[in-house]
Every structure is written in C-alpha cells, then in structure tokens.
Amino acid sequence: MVSAASYEARKFGVHSAMPMVQARKRCPHAVILLPNFRAYREFSTAMFRILEKYSPLVEVTSVDEGYVDLSGTLKLHRAPAWTVADRILREIRSELGINVSAAAAPTRAWAKMATGLAKPNGLLYLEPSRATLLVGCLPVSAIPGVGKKTEDILNRAGIQRVADLATTPRESIRRLLGLWGDRLMRIATGSSSRQIRADAPDGQKSYSKDRTLEADTTDYVFLRTLVRQLAEKLAARLRSDGKGATTVTLKVRYHDFKDVSRSISLKEPTNLNSEIIDTLDRLFFLTIKKRSPVRQIGVKFSGVGRPALQTDLFDPNRQLRRERDRIVDAIRERFGFESVLVSGCGASNSHSRR
DNA sequence: TCTGGGGTCCTAGGACCC
DNA sequence: TCTGGGGTCCTAGGACCC
C-alpha cells in the first residue's frame with residue numbers, strides 16, 4: 001500500500017492507501033521508497049522543538065501534525081500571530097530542509113481546514129472578519145471528522161458546504177447525526193471551543209498489532225501461533241514503556257471483510273507474556289468459531305496504565321515469569337525476534353502477505 | 001481498483017451498585 | 001413483589017485520521 005505520495009506522483013492519481021499495484025500502473029516511473037519511521041521520528045521531534053520555542057502551548061496530534069496556540073504572541077513576541085507563524089515555518093524549512101504548511105485561524109478546526117488550502121508549503125492567515133466566508137465555501141468533507149459516511153448523510157439532506165451546515169437548524173442536524181451533529185455545527189459556525197492542550201498527560205491509550213495474511217486461511221494452528229507472536233512483540237513494547245494493559249482484544253477479519261472482535265478485561269494491568277497469551281487463547285476460541293477463512297488477525301491492548309508489580313510480592317511464580325520476559329526481551333533486542341521462539345511459536349511466517 | 005497498519009473517539013446495551 | 005433513577009464499568013462495533 002502507498003503510505004504517502006509526493007505531489008509529483010499525485011498528479012498521476014496516486015494517493016495514500018492505494019494498493020502498490022495500482023500506483024505502479026498509474027505512475028510507472030515513480031521512485032518508490034520504503035518507510036523509515038526512525039527518520040520521521042527524528043524530524044518530528046526536531047520540528048516540535050522549534051514550535052515549542054514560540055509557544056508553551058503546543059499539541060502534538062501525529063508525527064507530522066500539531067497545533068500551536070499563538071494567542072499570546074503579541075505580548076510575548078511583540079508580533080501578531082501570522083508574523084510569528086511565518087517565522088516558525090521559515091525556521092523549520094531552513095533548519096530541517098523540509099516543506100511545511102500551516103494556517104492561522106480563530107479555532108483549531110478552522111486552522112486545520114485552512115491548512116488544506118495552504119498546501120503545499122504555504123501559510124494561510126484566516127482573518128477573523130473574512131474567515132466565516134472562506135470556510136463556508138468549503139465542502140463539508142473538509143471538516144476534520146467528516147469522512148465518507150457523514151458526508152453522504154449530509155449531502156443527502158442537501159447540505160453540501162460548511163455554510164449550509166452552519167445555517168441549518170440545529171434540530172435537523174441533531175436528528176441526522178445525534179450529538180456528533182452538535183459538534184459539527186459548532187465547528188461549522190466557528191464556535192467550537194476545544195482548547196489546545198500542551199500535551200497528553202497520560203500518553204498512549206492503546207497498543208495494537210495486526211497482520212493481513214498472504215492468503216486467507218482456516219489453519220488455526222498457524223493463526224494461533226501468529227497471535228502469540230503479535231502478542232509477544234506488543235507486550236515487549238508495553239514492558240519497554242514500563243506500562244501494562246487491563247484489556248486484551250483479539251480481532252479477526254474474515255475473507256468477506258467482516259470484522260469480529262472479542263475482549264477480556266483483567267483485574268489489573270499486566271505486561272506478562274504468560275498472562276496475555278492465556279487470555280488470548282481464551283479469546284481465540286470465543287472469536288474463531290465458524291469455518292470461515294481468515295484474512296487478517298490482530299491483537300490490541302487497552303486500559304493502559306502502570307503494571308501491577310505489587311502483585312509479584314505475593315506470587316514468586318510471577319516474579320520468575322517477569323524475569324523470563326526480561327531475558328527474552330534482551331536476547332531478542334540483540335539477535336532478533338526469531339532468536340527466541342517460545343513453545344509452539346516456531347511455525348513459519350510464510351502466510352504473511354507482507 | 002480490491003480494500004495496510006497504528007491509532008483515537010464515540011455509541012449503545014447490559015451488568016451491577018447505591 | 002414490583003418499582004425509580006443515576007453512575008460506572010465492560011463489551012462490541014463503527015467512523016475517522018495519518
């Protein structure tokens with residue numbers, strides 16, 4: 001699949017989430033690169049460091065996107081917001097050598113929407129007196145959170161543009177979309193009040209990992225082995241972050257794209273392989289019932305928190321298992337995941353689609 | 001054109017408690 | 001024996017985002 005496409009490639013109709021086969025067809029001379037998440041992480045950190053020089057209120061929303069509250073800039077920098085925004089972008093470009101786009105606007109949703117218009121590599125300032133007019137012209141799909149489904153619902157009700165949404169009676173929108181409709185109305189009218197939070201105090205909320213198989217299968221021995229491998233890799237991430245999870249979920253996508261998930265919540269957060277795998281074994285039999293070929297299978301940990309280490313004090317067995325996990329992690333860190341295969345995890349990965 | 005992987009947030013129903 | 005309403009947690013699924 002295409003993770004991202006350059007503007008040059010986009011001219012040929014290539015876009016993210018497109019299957020590579022198709023992308024190659026549309027743009028045979030494209031330069032194809034494998035992702036390099038380590039590099040993205042480094043640039044991301046450097047970029048946000050620059051943002052933080054200009055405002056204490058920086059919210060990171062993804063590796064390449066965030067919000068900066070510049071409402072205090074007049075006092076702090078003796079310059080209006082758009083001047084400061086311009087300075088920030090210039091600094092990012094010159095320090096990091098990458099393109100970047102932004103918009104300055106009265107609300108965060110409008111800033112995000114306007115940034116779409118500023119791309120590539122531009123800055124758009126939404127002057128408050130004209131902002132309503134400009135935003136109003138955008139299609140409802142430009143609103144963050146409005147995807148295909150919501151767009152269809154709104155369009156069928158004759159609501160095409162943000163201005164239409166802003167002027168439709170609240171009751172009608174509520175009938176169409178419930179509480180979500182209320183939020184959309186507030187975004188459309190510019191009265192949304194979500195503040196920019198200088199960042200997430202509790203951090204990541206869930207960890208998940210899934211695999212789409214090379215070919216659909218009903219080979220349950222293989223599937224169970226794969227689930228264990230995914231779980232062990234994911235649990236290692238929990239351990240390395242010093243976290244645990246209370247809820248374990250197993251998700252299966254069948255050949256017909258029907259998704260089924262089952263989850264179990266434990267009494268307290270854990271990151272022990274043994275406890276997690278026992279739980280997944282139970283879930284496996286709850287989830288996989290029919291003789292239906294499986295396309296994708298995945299594991300998710302949620303209810304992330306501090307692991308319940310105190311429990312170890314009363315359970316020497318648990319201490320041993322924790323120690324074993326620690327050793328396995330250390331070996332795998334040095335010699336790769338396959339260097340240690342815990343009972344029944346030896347099956348080949350030949351079913352894997354990627 | 002067959003449809004990845006890693007996330008977030010929301011909803012709705014049921015269990016359980018007060 | 002039948003009845004309230006509110007709060008919280010759990011579970012399953014869905015929409016959406018990068």
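In what follows, every heavy atom counts, from backbone to side chain, and hydrogens, waters and symmetry copies are set aside. Each chain gets a letter, A, B and so on, in the order the sequences are listed, and its residues count up from 1.
- Listed pair A:Lys112 / C:dC18 meets the phosphate criterion, a side-chain N or O lying under 4.0 Å from OP1 or OP2.
- Taking 4.0 angstrom as the limit, A:Thr150 places none of its side-chain polar atoms (N or O) nearer than this to OP1 or OP2 of C:dA15.
- Separating the CZ atom of A:Phe37 from the P atom of B:dG7 is a distance of 11 Å, rounded to the nearest angstrom.
- If you check C:dG13, C:dC18, B:dG4 against the side chain of A:Met1, the one that comes closest is B:dG4.
- Note: A:Tyr220 and A:Phe284 have perpendicular aromatic rings, judged against thresholds of 30 and 60 degrees for the angle between ring planes.
- Contact check, A:Ser263 against C:dA12: a side-chain N or O comes under 4.0 Å of OP1 or OP2.
- Within 4.0 Å of A:Val2, counting heavy atoms only, lies no atom of the nucleic acid at all.
- For the residue pair A:Asn273/A:Arg228, the side-chain donor-acceptor check at 3.5 Å is not satisfied.
- A:Leu177 contributes atom CG, which lies 6.0 Å from atom OG1 of A:Thr150 (distance to the nearest 0.5 angstrom).
- In this structure, A:Leu286 places its CG atom 15 Å from C1' of C:dC10, rounding to the nearest Å.
- A straight line from NZ of A:Lys209 to P of B:dG4 spans 16 Å, rounded to a whole angstrom.
- Taking atom C1' in both C:dC16 and B:dT3, the straight-line distance is 16 Å, to the nearest Å.
- OP1 and OP2 of C:dT11 both lie 4.0 Å or more from every side-chain N or O belonging to A:Thr249.
- In this structure, A:Ile32 atom CD1 and B:dG4 atom C1' are separated by 16 Å, rounded to whole Å.
- Its glycosidic angle being within 90° of 0, B:dT1 falls on the syn side.
- When base pairs are accepted only as Watson-Crick or G-U wobble with both N-N or N-O distances under 3.5 Å, DNA chain B takes part in stems of 3 or more pairs at B:5-18 with C:5-18.
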Given A:Val304 and A:Gln204, is the side-chain contact (heavy atoms from CB on, under 4.5 Å) satisfied, shown in steps? CA-CA 8 Å; A:Val304 172; A:Gln204 194 172 346; 6.0 Å; no
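- The phosphate of B:dG5 (OP1 or OP2) has a side-chain N or O of A:Thr212 nearer than 4.0 angstrom.
- If you take CD of A:Glu65 and C1' of C:dC17, they are 8 Å apart, rounded to a whole angstrom.
- Side-chain contact check for A:Leu117 versus A:Leu134: some heavy-atom pair is nearer than 4.5 Å.
- At B:dG6, none of the side-chain N or O atoms of A:Gln204 fall inside 4.0 Å of OP1 or OP2 (strictly under the cut-off).
- No donor-acceptor pair closer than 3.5 Å links the side chain of A:Ser261 to the backbone N or O of A:Leu250.
- Each of A:Ser16 and A:Lys25 has a nearest nucleotide on DNA chain B; the 5'-most of these lies closest to A:Lys25.
- A sub-4.0 Å separation between OP1 or OP2 of B:dG4 and a side-chain N or O of A:Arg295 is present.
- Where A:Pro144 and A:Lys300 each meet DNA chain C at their nearest nucleotide, the meeting point lying more 5' is that of A:Lys300.
- For C:dT11, the OP1/OP2 oxygens have a side-chain nitrogen or oxygen of A:Ser265 closer than 4.0 Å.
- For the pair A:Ser206 and A:Ala17, both in contact range of DNA chain B, the more 5′-proximal nearest nucleotide belongs to A:Ala17.
- A 4.5 Å side-chain heavy-atom check between A:Leu272 and A:Arg318 finds at least one atom pair inside the cut-off.
- The shortest distance between the side-chain N/O atoms of A:Arg253 and the OP1/OP2 oxygens of B:dG4 is below 4.0 Å.
- Listed nucleotides: B:dG7, C:dT11, B:dT1. Nearest to the side chain of A:Arg237: B:dG7.
- With rounding to whole Å, A:His15 atom NE2 is found 13 Å from B:dC2 atom P.
- Judged as a side-chain hydrogen bond (donor to acceptor under 3.5 Å, both in side chains), not a single pair has a partner in residues 27-52 of chain A (not counting sequence neighbours).
- One finds no side-chain N or O of A:Ser208 lying less than 4.0 angstrom from the OP1 or OP2 phosphate oxygen of B:dG6.
- In this entry the distance linking NZ of A:Lys149 with C1' of B:dC9 reads 17 Å, nearest Å.
- Between A:Lys205 and B:dC9 there is a side-chain N or O to OP1 or OP2 distance below 4.0 Å.
- Applying a 4.0 Å cut-off to non-hydrogen atoms, the residues of residues 174-189 of chain A that approach DNA chain B are A:Leu179, A:Arg183, listed by residue number.
- We find that CD of A:Gln296 is positioned 19 Å from P of B:dC2, with the value rounded to whole Å.
- At distances below 3.5 Å, not a single donor-acceptor pair connects side-chain atoms of A:Arg174 with backbone N or O atoms of A:Gly181.
- Residue A:Tyr207 is classed as a sugar-phosphate contact, given heavy-atom separations below 4.0 Å to backbone atoms only.
- For A:Arg262, taking side-chain heavy atoms from C-beta onward, the closest of the listed nucleotides C:dC16, C:dC18, C:dG13 is C:dG13.
- Both A:Ile153 and A:Val162 are members of a single hydrophobic cluster when ILVMFWY side chains are connected at heavy-atom separations under 4.5 Å.
- The shortest non-hydrogen separation linking A:Gly244 to A:Pro269 is C-CB, 3.7 Å.
- Of the possible polar contacts, one joining the A:Asp164 side chain to the A:Arg161 backbone as a donor-acceptor pair under 3.5 Å is found.
- Look at B:dC2: its glycosidic torsion is within 90° of 0, and that puts it in the syn range.
- When heavy atoms are screened at a 4.0 angstrom cut-off, A:Ala4 is found touching no nucleic acid atom at all.
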